[in-house]
Amino acid sequence: MNNLVKFKFYETALEANRDKQILAENDINSFIANEQLIQSDWLLSQAVGRIQLQVFEDDFENAEKVLADYKENEKFALEVEHTIEHPEFDFICPKCGSNHIYKDDSSTSFFGISLLSSDKYVCYYCENVFTH
């Protein structure tokens, strides 16, 4: 019998639905559990095990490969400029000198709510994480 198994866990429904769509484009059926419950009360996220993407047991390995391939291709599909004309910040990456950087707030959030202002930045060009 081909049972549903827990495949991946997500903080947001947007991420879960993106991966569900990628799997569907590759003819892999998947289902999202807990999405409505957590969207109605995000405090229940830890209690129910976050938003879950489920696949059939027989599709598990193929689903892992499809998402891994997608993420690898996505990384190189975006052409990242080393320098941009109107940068958001007035400093550059200490590793490669690019001014194409963004502020990383992911480590200072709890359930998607920012708690503190972070001084961590990430370079689009070389993916270096640094503080300023």
**Q** For the residue pair Glu35 and Asn17, confirm or rule out a side-chain donor-acceptor distance under 3.5 Å.
**A** yes

**Q** Would you indicate whether the side-chain heavy atoms of Ser98 and Ile92 approach each other to under 4.5 Å?
**A** no

**Q** Would you check if there is a donor-acceptor pair between the side chains of Tyr10 and Asp19 at a distance under 3.5 Å?
**A** yes

**Q** Evaluate the ring pair (Phe, Tyr, Trp, His ring centres under 6.0 Å) criterion for residues His132 and Phe91: first the C-alpha distance (whole Å), next the side-chain angles of each, then the deciding distance (0.1 Å), finally the verdict.
**A** CA-CA 8 Å; His132 182 78; Phe91 50 92; 3.6 Å; yes

**Q** Might you point out which heavy atoms bring Cys123 and Cys126 nearest each other, and give the distance in Å?
**A** SG-N, 3.4 Å

**Q** Quick one: does Val55's side chain get under 4.5 Å of Lys6's, heavy atoms only?
**A** no

**Q** Is any side-chain heavy atom of Val66 less than 4.5 Å from a side-chain heavy atom of Leu23?
**A** yes

**Q** Tell me if the CD atom of Glu25 is crowded by more than 12 foreign heavy atoms within 6.0 Å.
**A** yes

**Q** Which heavy atom of Asn2 sits nearest to which heavy atom of Glu57, and what is that distance?
**A** OD1-N, 3.2 Å

**Q** If you measure from CG on Leu67 to CZ on Arg18, what distance do you get to the nearest 0.5 Å?
**A** 8.0 Å

**Q** Is there a path of hydrophobic side-chain contacts, each under 4.5 Å between heavy atoms, that joins Phe60 and Ile28?
**A** yes

**Q** Going from SG on Cys96 to CD on Glu127, what distance comes out if it is rounded to the nearest 0.5 angstrom?
**A** 10.5 Å

**Q** Does the pair Tyr125 and His100 meet the rule for a side chain to side chain contact (heavy atoms under 4.5 Å, CB included), with working shown?
**A** CA-CA 7 Å; Tyr125 188 70; His100 200 173; 5.5 Å; no

**Q** Inspect the surroundings of CD in Glu88 and state if more than 12 heavy atoms from other residues, nucleotides or ligands are less than 6.0 Å away.
**A** no

**Q** Indicate the atoms forming the closest heavy-atom contact of Leu53 with Ala16, along with that distance.
**A** CD1-O, 4.4 Å

**Q** Could you check whether any side-chain heavy atom of Glu11 comes within less than 4.5 Å of a side-chain heavy atom of Arg50, counting everything from C-beta outward?
**A** yes

**Q** Just how far is it from atom CG of Asp119 to atom CG of Asp104, taken to the nearest 0.5 Å?
**A** 11.5 Å

**Q** Nearest 0.5 Å please: distance from the CG atom of Asp90 over to the CG atom of Asn99.
**A** 10.5 Å

**Q** Would you check if Gln54 and Val5 make a side-chain contact, meaning some heavy-atom pair closer than 4.5 Å?
**A** no

**Q** Within the 4.5 Å heavy-atom criterion, are Phe56 and Phe7 side-chain neighbours or not?
**A** no

**Q** Using a 4.5 Å cut-off on heavy atoms from C-beta on, say whether the side chain of Ile51 contacts that of Ile32.
**A** yes

**Q** Look up atom CG in Asn128 and atom SG in Cys93, then write down how far apart they are to the nearest 0.5 Å.
**A** 4.0 Å

**Q** Using ring-ring contact (aromatic ring centres under 6.0 Å, His included) as the criterion, point out the one residue from Phe130, Tyr102, Tyr121 that pairs with Phe89.
**A** Tyr121

